[in-house]
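Working notes, structure below.
Being a predicted model, the structure only gives us computed values, none of them experimental. So you know, we letter chains A, B, ... as the sequences are listed, proteins then strands, and number each from 1.
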Protein chains: 2
Amino acid sequence: MTDRVVPDAARQRRRPTKQGVVLSEELIVATALRLIEEHGADALSVRRLGRALGADPSSLYRYFRHTDDLMLAIADELIGRTLGVWRPTGDWVADLRELGLRMHAGALAHPRAAMLSAHRVTGRAHEIQAVESMLGVLRRAGFPDPEAVRIYHAFIDQSLAFGALDSACTALPRAAREAEAEVWRSTYGRLPAGTHPHIAATAPHLVAAMRTSSYPAALDLLLAAARTRLDHLRAGTAD
Amino acid sequence: MTDRVVPDAARQRRRPTKQGVVLSEELIVATALRLIEEHGADALSVRRLGRALGADPSSLYRYFRHTDDLMLAIADELIGRTLGVWRPTGDWVADLRELGLRMHAGALAHPRAAMLSAHRVTGRAHEIQAVESMLGVLRRAGFPDPEAVRIYHAFIDQSLAFGALDSACTALPRAAREAEAEVWRSTYGRLPAGTHPHIAATAPHLVAAMRTSSYPAALDLLLAAARTRLDHLRAGTAD
DNA sequence: CTTATCAGGTCAACGGTGTTGTCGTAAGGT
DNA sequence: ACCTTACGACAACACCGTTGACCTGATAAG
């Protein structure tokens, strides 16, 4: 079996499956996304996907060399969907905030794909478009080039890193997620002030806060620092 | 089988394994960490771990309810190793900076373990100690409780998220890492100013910057924003 | 219109995974 | 010296990704 995968364009002999479905790369990716959305991240397996498509699991290997290939195809589809229609408004802080939240939401909508692709550089069209957009926002705001790159770098990595982290949380089996909430409530919530004064003092806030993602807060902190930095630069206080 | 796990302290009948090894929670965790570092994250399975220990896989279920429990124990051990000897100096910005860099370095020292545990709450001794320390730094600095929790949350998640992201990069196969560097150099480095003015203008900075982790920069931005916030609070300017 | 080709769906199998119910045995307390 | 029982071993279950061999029917050539 040298290579049973055929480039999508060259396909012609599309034969229906035993259950009457005509497979295609597109259909497979769409079904995989649906599966993830409907039954949780770990509902995605080659066998289950095959079953959902009404095809033998091994058929999928005519379209993807292995599961990773499938994941990357899904990720690519994701980028397209989440950044497809964004346009800058001119308010650089609001623009970056919107972009950050969008990337984060896009990741959370498809946790598995996000976890696998957050640390990869594809060099493909959608990605290049995104880089150009963000750098544009920062440079038009008035950041000098080295500063724009520094902030872009921190901004994009923070978005991707939080996206992956929070995705990993939502990809946790239900039981584990509930167990974590319980740890915050019954372990951290009950530490005596004698031995752990700071945890005890902030326990209610902790229990409430740790349930949600801190990405919006982290994003706002980053943007606030960037704005301060820009003010300093404008005031002529060179570093 | 109600629950075959016995709390570690209560263990007494330590019986050697067929191959003469005396199991313990500690030994299991240490072996798991070694396994992960030596043979990669997916080298960690109950069966392989059993083999490495010279014990039947099912024996491990006398010490951990399921694989997840084991992961949490590994995560906590990691925290303990990286934060073991830290003491606050009184300069809260410097302290948090040091803590953040240490956690990041700790993650990179055990990339695969970091990737598996960054998003977990263990509720175990080392973790509790770490939470108490960081909250202490922020509260002594003068942050009111809700603010301290907010900043703690953003700070810890940022450290863990970047730790996991950068770990994932270093865990990439050598070929893939070089391919990514090449993408930056030859794809982003050569885009024409006509179609991609912002990338073209910053290309040298981009190529140079994207090779390194942006965590230190992101950390400094977060701390700068926190300091600004504290100044505002001190000035009595509520919000 | 017939025929041959081969893309692509199917089947069966391999070796891996986490997890559990059962059983035997040896360590510890009495 | 005896009992109890903790705890390691075994076997089995249901699932996973992946592959090589097989079969069949849609298409292209004649």
Side-chain angles (χ1 to χ4, degrees), chain A residues 1-28 31-32 35 39-72 112 116 171-176, chain B residues 1-25 27-28 31-32 35-36 39-72 74 116:
Chain A
M1 193 190 46
T2 57
D3 195 353
R4 61 187 11 159
V5 176
V6 166
D8 192 62
R11 287 181 184 276
Q12 25 196 13
R13 296 198 188 175
R14 315 207 99 111
R15 161 145 59 144
T17 223
K18 234 179 185 180
Q19 296 171 42
V21 184
V22 176
L23 295 181
S24 70
E25 191 176 314
E26 209 177 63
L27 177 63
I28 294 174
T31 305
L35 218 58
H39 301 96
D42 44 1
L44 187 63
S45 74
V46 176
R47 300 176 112 101
R48 253 198 274 245
L49 183 50
R51 221 178 302 137
L53 281 161
D56 189 271
S58 64
S59 302
L60 305 184
Y61 289 87
R62 302 272 182 210
Y63 295 84
F64 302 96
R65 254 185 291 282
H66 33 243
T67 334
D68 233 45
D69 262 22
L70 173 58
M71 289 311 312
L72 289 183
R112 292 263 282 212
L116 283 175
L172 239 42
R174 208 167 186 291
Chain B
M1 194 190 46
T2 56
D3 194 355
R4 60 187 13 158
V5 175
V6 165
D8 193 61
R11 285 182 186 275
Q12 24 196 14
R13 298 197 187 177
R14 312 210 100 110
R15 161 146 59 144
T17 215
K18 236 183 184 178
Q19 296 172 41
V21 184
V22 176
L23 295 181
S24 70
E25 192 176 314
L27 177 64
I28 294 175
T31 305
L35 218 60
I36 291 176
H39 303 99
D42 41 3
L44 186 63
S45 75
V46 177
R47 300 174 113 100
R48 252 200 274 248
L49 182 51
R51 221 179 301 136
L53 281 161
D56 189 89
S58 65
S59 301
L60 304 184
Y61 289 87
R62 300 274 182 211
Y63 295 84
F64 302 96
R65 256 187 294 280
H66 31 246
T67 341
D68 215 57
D69 262 24
L70 174 58
M71 282 315 312
L72 293 185
I74 293 174
L116 289 175

Should the heavy atoms of other residues, nucleotides or ligands under 6.0 Å from NE2 of A/H66 be counted, would the total exceed 12?
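Counting other residues, nucleotides and ligands, NE2 of A/H66 exceeds 12 neighbours.
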
Go through D/dG17, C/dG18, C/dG9 for me and flag the one nearest to the A/Y63 side chain.
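Looking only at side-chain atoms, A/Y63 lies closest to C/dG9.
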
Nearest-Å distance for atom pair [atom1]/[atom2], residues [X] and [N]:
| X | N | atom1 | atom2 | result |
| --- | --- | --- | --- | --- |
| B/L49 | D/dG8 | CG | P | 13 Å |
| B/H66 | C/dG18 | NE2 | C1' | 11 Å |
| B/L60 | C/dT17 | CG | P | 13 Å |
| A/Y61 | D/dA21 | OH | C1' | 17 Å |
| B/R65 | C/dG18 | CZ | P | 18 Å |
| B/L70 | C/dG18 | CG | P | 10 Å |
| B/R15 | D/dT4 | CZ | P | 18 Å |
| B/D69 | C/dT20 | CG | P | 12 Å |

Do B/V46 and B/Y61 pass the side-chain contact (heavy atoms from CB on, under 4.5 Å) test, and can you show the C-alpha distance, the side-chain angles, and the key distance before you say yes or no?
CA-CA 9 Å; B/V46 177; B/Y61 289 87; 3.8 Å; yes

Grab the two heavy atoms, one from A/I28 and one from A/F64, that are nearest each other, plus how far apart they are.
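So the two residues come closest at CG2-CE1, 3.7 Å.
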
Taking N or O atoms only and anything under 3.5 Å, show me the protein contacts with nucleotides 9-15 of chain D, one pair per line.
residue : atom : partner : partner atom : Å
D/dA9   : OP1  : B/T17   : OG1          : 3.1
D/dA9   : OP1  : B/K18   : N            : 2.8
D/dA9   : OP2  : B/T17   : OG1          : 3.3
D/dA9   : OP2  : B/D56   : N            : 2.8
D/dA9   : OP2  : B/S59   : OG           : 3.1
D/dA9   : N7   : B/S58   : OG           : 3.4
D/dC10  : OP1  : B/K18   : NZ           : 2.4
D/dC10  : N4   : B/S58   : OG           : 2.7

Applying a 4.0 Å non-hydrogen cut-off, can you work out what A/F64 is touching in the nucleic acid: base, sugar-phosphate, or nothing?
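If one applies the 4.0 Å heavy-atom cut-off, A/F64 turns out to touch nothing in the nucleic acid.
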
Considering only distance and modelled atom types, tabulate donor-acceptor pairs under 3.5 Å from the side chains of residues 18-25 of chain A, sequence neighbours left out.
residue : atom : partner : partner atom : Å
A/S24   : OG   : A/L27   : N            : 3.0

About how many Å separate CZ of A/R48 and CG of A/D42, when rounded to the nearest 0.5 Å?
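That separation rounds to 7.0 Å.
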
List the atom pairs, with distances to 0.1 Å, where a side-chain N or O of residues 49-58 of chain A and a protein N or O form a donor-acceptor pair under 3.5 Å, not counting sequence neighbours.
residue : atom : partner : partner atom : Å
A/D56   : OD1  : A/S58   : N            : 2.9
A/D56   : OD1  : A/S58   : OG           : 2.6

